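A quick write-up on the structure given underneath.
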Amino acid sequence: MITVDAGGMVEQRRRSTSAAVMAVGKKVGYASKVVMKRKQRWRKRRRTAAESFPVKSTALQRLFVSCKDVFSGSNDVPSPSDVQMLTAILDDIKPEDVGLSKELQFFKASKVPKGTPRVTYTTIYQCNQFSLCIFFLPAKAVIPLHNHPGMTVFSKLLLGTMHIKSYDWVDPANSHSSVPNVNPQARMAEMVTNNVFTAPCDTNVLYPTSGGNIHEFRAITPCAVLDVIGPPYSAKDNRDCSYYKELPHDAVTDEEEKESYGWLQEIEVPEDSQMDGIEYLGPQVIDSSTHPYY
């Protein structure tokens with residue numbers, strides 16, 4: 001079944017019992033815990049709420065609580081002070097805070113796969129206001145050029161090295177092409193980012209109309225990216241994901257403009273945008289609104 005989930009990509013959802021997804025899940029350190037988790041499930045049912053959901057002042061919990069406060073039912077862009085607060089928390093988050101380590105086999109893979117490998121994702125938490133999710137990109141994997149309509153997105157590269165390219169529309173009202181040799185459906189966009197990043201590095205923030213709202217990830221080595229998306233994708237709320245391709249801009253003769261601008265055309269969902277989902281079994285967040293003991 002084809003669905004749209006927290007990460008906003010169109011993916012073919014597979015259960016963690018799928019052999020391919022289990023293989024990736026084991027490498028990133030989550031799926032290997034499934035068996036033990038099932039064995040212990042009956043014990044957890046007998047515990048009290050206080051025993052089952054201990055309060056821990058972790059970096060992930062601080063991020064979750066802060067997101068609940070910042071994205072409290074409003075679709076407005078977070079204030080500069082809120083952006084600064086979330087960015088500071090994310091800058092301090094380590095792979096271990098979400099159950100990952102560079103020593104895991106997934107991140108130590110030395111063999112470069114043939115073709116374009118699939119991306120895997122896991123959702124830590126999702127509600128109508130925001131989502132916390134992690135994307136796992138093997139070397140050479142790509143999250144194609146796509147947008148985040150009406151959203152603010154914080155991306156924290158936890159592990160690995162990746163190339164990020166991003167754009168913003170030059171003029172949403174008048175940017176459709178009227179230049180010869182350029183597809184009339186294309187729109188001019190200004191390049192915001194076109195760099196290689198290696199973890200640990202600063203958190204990247206994009207906004208509904210600025211900061212590189214249309215972006216692409218290309219993994220150079222195996223990578224893990226923690227995303228905070230507020231609010232999440234929602235087709236019924238006009239926050240559906242669109243994909244784009246870059247067109248040659250031969251009509252632009254100025255070399256500086258060629259480096260700074262591009263023509264983007266919306267396309268159908270690319271085949272390489274499909275993702276596999278695995279269950280998140282790393283450190284948990286505690287939602288006090290659903291566990292009244294807290």
Side-chain angles (χ1 to χ4, degrees), residues 7-10 75-80 82-84 86-87 90-91 119 135 137 141-157 161-198 201-220 223 225 227-233 237-270 272-273:
M9 303 296 104
V10 176
N75 289 338
D76 294 337
V77 176
S79 68
D82 284 339
V83 169
Q84 185 177 12
L86 289 181
T87 299
L90 281 162
D91 284 345
V119 175
F135 297 94
L137 291 80
V142 179
I143 298 181
L145 206 60
H146 63 283
N147 70 343
H148 292 268
M151 306 178 200
T152 303
V153 181
F154 299 76
S155 294
K156 166 70 173 182
L157 181 61
T161 298
M162 68 163 44
H163 179 266
I164 300 177
K165 180 183 285 187
S166 66
Y167 291 94
D168 287 326
W169 297 123
V170 171
D171 183 350
N174 301 298
S175 62
H176 284 281
S177 173
S178 59
V179 179
N181 303 322
V182 179
N183 190 308
Q185 295 181 337
R187 296 172 63 182
M188 179 175 270
E190 182 175 8
M191 186 177 291
V192 176
T193 304
N194 187 19
N195 291 310
V196 172
F197 297 85
T198 298
C201 56
D202 292 341
T203 301
N204 180 66
V205 186
L206 64 84
Y207 302 91
T209 59
S210 64
N213 186 277
I214 304 167
H215 68 182
E216 170 193 86
F217 291 163
R218 288 185 176 270
I220 297 173
C223 297
V225 182
D227 264 12
V228 175
I229 305 175
Y233 284 97
D237 295 317
N238 297 316
R239 295 195 305 274
D240 206 358
C241 186
S242 298
Y243 294 86
Y244 301 89
K245 68 176 181 180
E246 298 171 280
L247 299 179
H249 44 286
D250 297 334
V252 180
T253 57
D254 184 277
E255 290 301 320
E256 185 175 347
E257 288 190 7
K258 282 186 177 182
E259 293 295 325
S260 303
Y261 297 91
W263 291 99
L264 306 183
Q265 180 182 350
E266 187 172 345
I267 59 175
E268 296 296 323
V269 178
D272 59 0
S273 69

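Scope of the values below: all heavy atoms of this structure, side chains included, with no hydrogens, waters or symmetry mates. Just so it is clear, the structure is predicted and the values come from calculations on it, not from any experiment.
Note: Thr87 OG1 to Lys156 NZ = 10.5 Å, rounded to the nearest 0.5 Å. To the nearest 0.5 Å, the span separating CD on Glu266 from CZ on Arg187 amounts to 9.0 Å. One distance of note links CZ of Phe217 with CD1 of Ile143; it measures 6.0 Å at 0.5 Å rounding. For the atom pair CD of Glu216 and OG1 of Thr193, the computed distance is 12.0 Å after rounding to the nearest 0.5 Å. If you take CG on Asn195 and SG on Cys201, they are separated by 11.0 Å, rounding to the nearest 0.5 Å. With rounding to the nearest 0.5 angstrom, the CG atom of Asp91 is 10.5 Å from the CZ atom of Phe154.
Scanning all heavy atoms of the two residues, the minimum distance from Leu157 to Cys223 falls at CD1-CB, 4.2 Å. Nearest heavy atoms, Thr152 versus Val205: CG2-CG1, 4.2 Å. Heavy-atom minimum distance, His146 versus Cys241: CB-SG, 3.8 Å. In this structure, Ala219 and Met162 approach most closely via the heavy-atom pair CA-CB, 4.1 Å. Ser166 and His215 make their closest contact through CB-CB, 3.6 Å (heavy atoms, listed as atom of the first residue, atom of the second, distance). Smallest separation of non-hydrogen atoms from Asp240 and Asn147: O-OD1, 4.0 Å.
Counting heavy atoms from C-beta on, the side chains of Thr209 and Trp169 never come closer than 4.5 Å. Inter-residue side-chain proximity for Pro149 and Asn238 is flagged as unmet; no heavy-atom pair is nearer than 4.5 Å. The side-chain heavy atoms of Tyr244 and Gln265, taken from C-beta on, include no pair separated by under 4.5 Å.
Panel note: side chain Asn213, backbone Tyr207; a donor-acceptor pair is recorded below 3.5 Å. Between the side chain of Asp227 and the main chain of Val153, no donor-acceptor pair closer than 3.5 Å is present. Of the possible polar contacts, none joining the His163 side chain to the Phe197 backbone as a donor-acceptor pair under 3.5 Å is found. Here the side chain of Asp168 pairs a donor or acceptor atom with the backbone of Gly211 at under 3.5 angstrom.
For the residue pair Asn204 and Ser155, no side-chain donor N or O sits within less than 3.5 Å of a side-chain acceptor on the partner. Side-chain N/O atoms of His148 and Tyr233 include a donor and acceptor closer than 3.5 Å.
Taking Thr161 as the reference, Thr198 meet the side-chain hydrogen bond (donor to acceptor under 3.5 Å, both in side chains) condition, with sequence neighbours excluded. The salt bridge (charged side-chain N to carboxylate O under 4.0 Å, His left out) search around Glu246 returns Lys165, not counting sequence neighbours.
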